[in-house]
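All residue numbers in this chain count up from 1 along the given sequence. Small disclaimer: the values here were computed from a predicted structure and weren't measured.
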Amino acid sequence: RSASIEWSDILPAVRRGVAEFQNEIYMLPADGDVIVMIYRKDLLDLHGLAKPETWEDWLAVSKYFRETVGPQAWVDSPNRTLSQEGGYGACMMTKRNDWAYANLFAFLATYLQAHGPTQGMFFDPITMQPLFNTPAVREALLLYKEIVLHSSHTDRPCEACTDDGGAGLFTMVEDMQNGRCMMGFNYMGPVKFIASGAFNIHNDSIALAPVPGSTRVKAAEGGTLVDCGEKPSNCPLAAEVPASGGTGTRRVNRATYYSGGGQSWAVSAHIAEQRKRDAVWELLLGFIDKENSITSTTAADYLLDPFRQSTLDGLQVQGHLATDKFMENNWKWEQLGSMKSTLQAAFTDANSALDLKIVQGAAYIEDTDASMLNYFKGVLS
């Protein structure tokens, strides 16, 4: 625990996710991965629509753009108008071995976890039975299939369920940058790529928000879905959001998915010489000191995001390095505000959903890709 590390400035969620084990720090946190929503605020404003708060909202907005604007409206021309953009609806990642699981589990987390991180979204914490083979997940996946089929995935059909089918991570970046899609949810790294696109230079076109949630969750006992509004104990951490009709409110369960959690570093004990261990440690410290952390986080083409509290506090602050660097990379003042509020909410989410933390866990997670593609095709039901 080096005195040169400002642990109070490293976000507790990042520290717990990638550096701690049983409340002891073993690693140096270098990256914090969290899934957030990015959307075209200008297109929603143009069509008089609100940003989606639930997955049903998400589906309705995506269907609206696909049916009202349509994929065929887009043209590759500098004279393209806003009314010709967003016709793909939502961007969804479905391509095998290309981060499709990040969308799937960010969606499922909002149904499977309502009582905080200790509940978990993969296994029953008491019996350790998998939660995915439950009526709750089967019902949730019916909606997920509708969401995918009314998204950019449909414009990139999967014929043989190989890596050539579906939409991938950087397909999403491209489709958001060129105006085909009007919303998606992803890691902050790809979000930064999107915001640095040429379309964002001359207008305030994008905004960030927490990923939508669900008004129904898996029951604490049993495998069926129950309504958050039925009784407070069903969704004790749910937020009150405006009802879709504009009258009243609804209780929405969000569960920010820390996909992968991020990255951390350590110095191997196999390095025999203390002098070499010290040199490697100082090198790693240099990568994540306060100034370098801001520079890395704000870079459009750098996927590691060592977010610190001081970085978030510095957004929308005149003369602060974080604000200056982001604005150099095409972010606008209001966009920094939406980033600040979104990431502050994500990194302090009392119901944050942790990724599968087992040896070679990524292999288990990625195995869902092919099955889901077959599900979208109708081969599996």
Between [X] and [Y], does at least one N-O distance fall below 4.0 Å, as a salt bridge requires?
X      : Y      : answer
Arg275 : Glu273 : yes
Arg66  : Asp155 : yes
Glu53  : Arg254 : yes
Glu240 : Arg250 : no

Of Thr118, Asn253, Asn351, which meets side chain to side chain donor-acceptor pair (under 3.5 Å) against Gln113?
Asn351

Parallel, tilted or perpendicular: which one describes the rings of Phe347 and Phe307, with boundaries at 30° and 60°?
tilted

Name the orientation class of the two ring planes belonging to Phe170 and Phe193 (parallel below 30°, tilted from 30 to 60°, perpendicular beyond 60°).
perpendicular

Using only atom types and a distance under 3.5 Å, with no angle test, would you say the side chain of [X] pairs donor to acceptor with the backbone of [Y]?
X      : Y      : answer
Asp57  : Thr54  : yes
Ser151 : Val148 : yes
Arg16  : Leu11  : no
Asp369 : Asn97  : yes
His150 : Glu146 : yes

Quick check on ring-ring contact (aromatic ring centres under 6.0 Å, His included): which of Phe107, Phe105, Trp55 does Tyr144 satisfy it with?
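The passing option is Phe107.
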
Within 45° of the six-membered ring axis of Tyr375 and under 6.0 Å from that ring's centre, is NZ or CZ of Lys145 located there?
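Checked: cation-pi criterion met.
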
Taking transitive links into account, so neighbours of neighbours count too, which hydrophobic residues share a cluster with Val241 at under 4.5 Å side-chain distance?
Val252

Does the side chain of Tyr257 come under 3.5 Å of the side chain of Asp355 through a donor N or O and an acceptor N or O?
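Side-chain D/A pair, Tyr257 to Asp355: present.
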
Under a 4.5 Å cut-off applied to non-hydrogen side-chain atoms, are Val14 and Val18 in contact?
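Yes, their side chains come closer than 4.5 Å.
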
Verify side-chain contact (heavy atoms from CB on, under 4.5 Å) between Leu43 and Phe65, making sure each step is shown before the conclusion.
CA-CA 9 Å; Leu43 294 182; Phe65 275 92; 4.0 Å; yes

Show me the donor-acceptor pairs within less than 3.5 Å that the side chains of residues 206-216 make with the rest of the protein, sequence neighbours left out.
{"from": "Ser214", "atom 1": "OG", "to": "Arg216", "atom 2": "N", "distance (Å)": "3.0"}
{"from": "Ser214", "atom 1": "OG", "to": "Arg216", "atom 2": "O", "distance (Å)": "2.5"}
{"from": "Arg216", "atom 1": "NE", "to": "Asp227", "atom 2": "OD1", "distance (Å)": "3.1"}
{"from": "Arg216", "atom 1": "NH1", "to": "Glu139", "atom 2": "OE2", "distance (Å)": "2.3"}
{"from": "Arg216", "atom 1": "NH2", "to": "Leu225", "atom 2": "O", "distance (Å)": "3.4"}

